[in-house]
Amino acid sequence: MNKIKSKLIAGGLLVSFLAYTSPVLAYAKDETVYTKVDTQGDSYRIIVSTQMEDGTHTQEETDKKLPITCKIKYTLNGKEISAEELAGKSGKVTIEITYTNHEKHIVNVNGVATTLYTPFAVATGVIVDNEANKNITVSKGKVMNDGTKTIVVGMAMPGMQESLGLSRIDLPDSVKITMETTNFELSNIFTIATPKLLEEDDKELLKEIDEIYSKVNTLQSSSNQIEKGAKDLKKGTTTYYQKSQEFNQAMSQVQKGANSANTEYAKLNQGIASLNANSGTLNNGAKQVSEGMTAMQSGLQTISTKLGQLEAGSQSISVGAKQIEQGVTVAQNAAKDVTTKVLTAKATIQATIQANNQTISTLNPTTDVEKIHALQTSNVALQQSLSALDSLAIDDPTSNLAILNGSLAQVKTGIEGNGTVQNPGLVVGSQTVSQGISQIKKEGVDVLASQTTKLVTGSKQLYDGTKTLKQGTTVLENGSSQMQAGLSSLQSGTSQLLQANNQLTDGAKTLQTGATTLANGIHTFNEEGVKPICNYINGDLRNLTKRAEKLLDLSNEYQSFMNSEKEENGEVKFIIMSDSIKKEKEGKEQNK
């Protein structure tokens, strides 16, 4: 009963293998080559079954050499062992079925004589009982467990590795099955081999692959351009980072300069404000000088008139003594007033000149030319006025004014006398008074009056200049305030700009580092990725396509095992069944 069950299962597996490969009735002539091999893989019987287009069958036995043969090797716990010795053993078992393709051809591939094998796809299957076996695996295949038994199917393509000339892809020529067993036995191993690995439709795929080759050069060229662009980007970002550092250093200096300029200009701005305030005082003083000079000029005219009257009435002393006394008093007071006003004017002018010089020292000779020139012009006018006042020599006892004062004193003494007959005073000194008055008028008052005219003119110019100066310092103060505000804004702006540029420099460093990484990565990608792929496609893969085309031709040409002539729409498949392995029963091994 078990033997019948095993045959039924084997038959079902065989049908599955036939369905796995390709339809049977799609060809005009169908050959199925059945081969029995022993447990080592050596064949001992070959039967060829042929189905014709009209449905008739023929069978014949032959000893013709098969295009595909196999060798079966067994190991137990890592040591090679024969099938007879392995039966009934326990341990880890490995079964390796190695296939050899004998359909060798020398064909022309791209002008080179190349060894190709008729492409055979080999499917190997066996049914393993789960009762004594577990942890069943297969190389290049699939394991299907239904709970009571495990169907193992493996694939191999003997000769294909050499035919395609591939070293990077493993195309096995063997199937390796492993399991852990407690009582080793093995049913028949079935193998199906067919040369229909490639179909005619695959030619269209090969043509499409040919079109890919034209894109490979574009890929390589584009990758080279990307690599060059990445290098240029790396170079550019490096330069950008370096210049960012230089700019950042310059901005640090600018920011320090802006801080210093703002601090120092604040002091200058205070000086300008003070100058503007003092220019108002100077203007008021100049106005007082001008008014004083005008008053003095009027006083001198009065003196001149009075002296004329005094001189005319010197002969009528007795009558005009009181008037002379009054006139002398007026003259003394006027002289004192002139002296006081002259001294005041000199002090004011000197203070103004000193203030102007101090202001000039604070101005920029490049940007404040007009302001400096205005102050210098004012100083020249003030100096002229000072010189005019100095010409009066009011501090000199020999000056006209001093003489005038002395003469007036004498006149007064002469007028007043000592009240005695011996010293009547006015009578005795009238002639001297007359002469003194004449001298004072000619050498003092008249000269002083002429100089006072110049002094009046100068004082008016001084006054006008100080008004202009006041206007200029007011404009200067307003502009300086705006300048101060601008410097404050500049200081704040440069601080913000420096902070932003620090961030920009950090970003430039990150960008430069990223660009370097990108350039290195793209270089590696191009050298280790794109170039090998393109070289492989243009080299090995292009050659592979040509080999695949030749293999397709060899596949189509192999249409019969028994008939060496080319069949029309024929198909052939090979089914190899190995002997089973059974432990000995009643003194003999059961393995058929």
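Below, all heavy atoms of this structure are taken into account, side chains as well, without hydrogens, waters or symmetry copies. Keep in mind that this is a model prediction, so the values were computed, not measured. Positions are given from 1 along the sequence.
Put simply, the side chain of Lys104 reaches to within 4.5 Å of the side chain of Thr115, judged on heavy atoms. Residues Tyr265 and Ile272 form a side-chain contact, since some pair of their non-hydrogen atoms from C-beta on lies under 4.5 Å apart. Two residues are said to be in side-chain contact when any heavy atoms from C-beta on lie closer than 4.5 Å; Asp42 and Lys71 meet this criterion.
Without hydrogens or angle criteria, Ser139 side chain to Lys176 main chain gives a donor-acceptor distance under 3.5 Å. When atom types are taken as modelled, the side chain of Asn101 and the backbone of Ile68 share no donor-acceptor pair closer than 3.5 angstrom. In this structure a side-chain-to-backbone donor-acceptor pair under 3.5 Å is missing from Asn262 to Ala258. Thr513 places a side-chain N or O within 3.5 Å of a backbone atom of Lys509 that can act as its donor or acceptor partner. Counting only distance, with no hydrogens or angles, the side chain of Asn108 and the backbone of Ala113 share no donor-acceptor pair below 3.5 Å. Formation of a donor-acceptor pair under 3.5 Å by the Ser163 side chain with backbone atoms of Gly159 is found in this model. Within the 3.5 Å criterion, the main-chain N or O of Thr75 finds no donor-acceptor partner in the side chain of Thr94. Side chain of Ser492 to main chain of Ser488: no donor-acceptor pair is present (N/O by atom type, distance under 3.5 Å, no hydrogens or angles). Checking side-chain atoms of Gln161 against main-chain N and O of Leu171 turns up a donor-acceptor pair under 3.5 Å. Judged by distance alone, the side chain of Ser489 and the main-chain N or O of Ala485 form a donor-acceptor pair under 3.5 Å.
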>> Assess the residue pair Gln491 and Thr263 against the criterion (side chain to side chain contact (heavy atoms under 4.5 Å, CB included)); give the C-alpha distance rounded to whole Å, side-chain angles, the decisive distance to 0.1 Å, and a yes or no.
In response: CA-CA 10 Å; Gln491 181 184 13; Thr263 301; 5.6 Å; no

> Would Val126 and Ser187 satisfy side chain to side chain contact (heavy atoms under 4.5 Å, CB included), going step by step from the backbone distance to the final call?
Replying inline: CA-CA 7 Å; Val126 65; Ser187 62; 3.8 Å; yes

>> Applying side chain to side chain contact (heavy atoms under 4.5 Å, CB included) to Tyr117 and Glu103, what does each step give before you reach the verdict?
In response: CA-CA 5 Å; Tyr117 293 84; Glu103 285 293 311; 5.6 Å; no

> Are Thr50 and Met562 close enough, and set up right, to give a side chain to side chain contact (heavy atoms under 4.5 Å, CB included), and what steps lead you there?
Replying inline: CA-CA 10 Å; Thr50 304; Met562 295 298 293; 5.7 Å; no

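Within 6.0 Å of CD in Gln245 there are more than 12 heavy atoms belonging to other residues, nucleotides or ligands.
In summary, the side chains of Tyr74 and Thr39 do not present any donor paired with an acceptor at a separation below 3.5 Å, with no hydrogens or angles considered. A donor and an acceptor atom, one from each side chain of Thr178 and Thr137, are located under 3.5 Å apart.
In summary, of the residues considered (Thr150, Thr182, Asn183, Thr181), a side chain to side chain donor-acceptor pair (under 3.5 Å) with Asn133 occurs for Thr181 alone.
Residues passing the side chain to side chain donor-acceptor pair (under 3.5 Å) test with Lys235, sequence neighbours excluded: none. Looking at residues two or more places apart in sequence or on another chain, you find a side chain to side chain contact (heavy atoms under 4.5 Å, CB included) between Glu131 and Asp129.
Atom OH of Tyr99 sits about 7.0 Å away from atom CD1 of Ile72, to the nearest 0.5 Å. Between the NZ atom of Lys234 and the CG atom of Asn520 there is a distance of 5.0 Å, given to the nearest 0.5 Å. Note that CG of Asp38 is 10.0 Å distant from CD1 of Ile581, once rounded to the nearest 0.5 Å. With values rounded to the nearest 0.5 angstrom, Gln270 atom CD is found 8.5 Å from Gln484 atom CD. Atom CE in Met251 sits 8.5 Å away from atom OG in Ser495 (nearest 0.5 Å). Between the CD1 atom of Ile177 and the CD1 atom of Ile136 there is a distance of 9.5 Å, given to the nearest 0.5 Å.
Comment: Glu185 does not engage Lys583 in a salt bridge, judged by the lack of any side-chain N to carboxylate O separation of less than 4.0 angstrom.
The six-membered or imidazole ring of Phe574 lies near that of Phe561, with a centre-to-centre distance under 6.0 Å.
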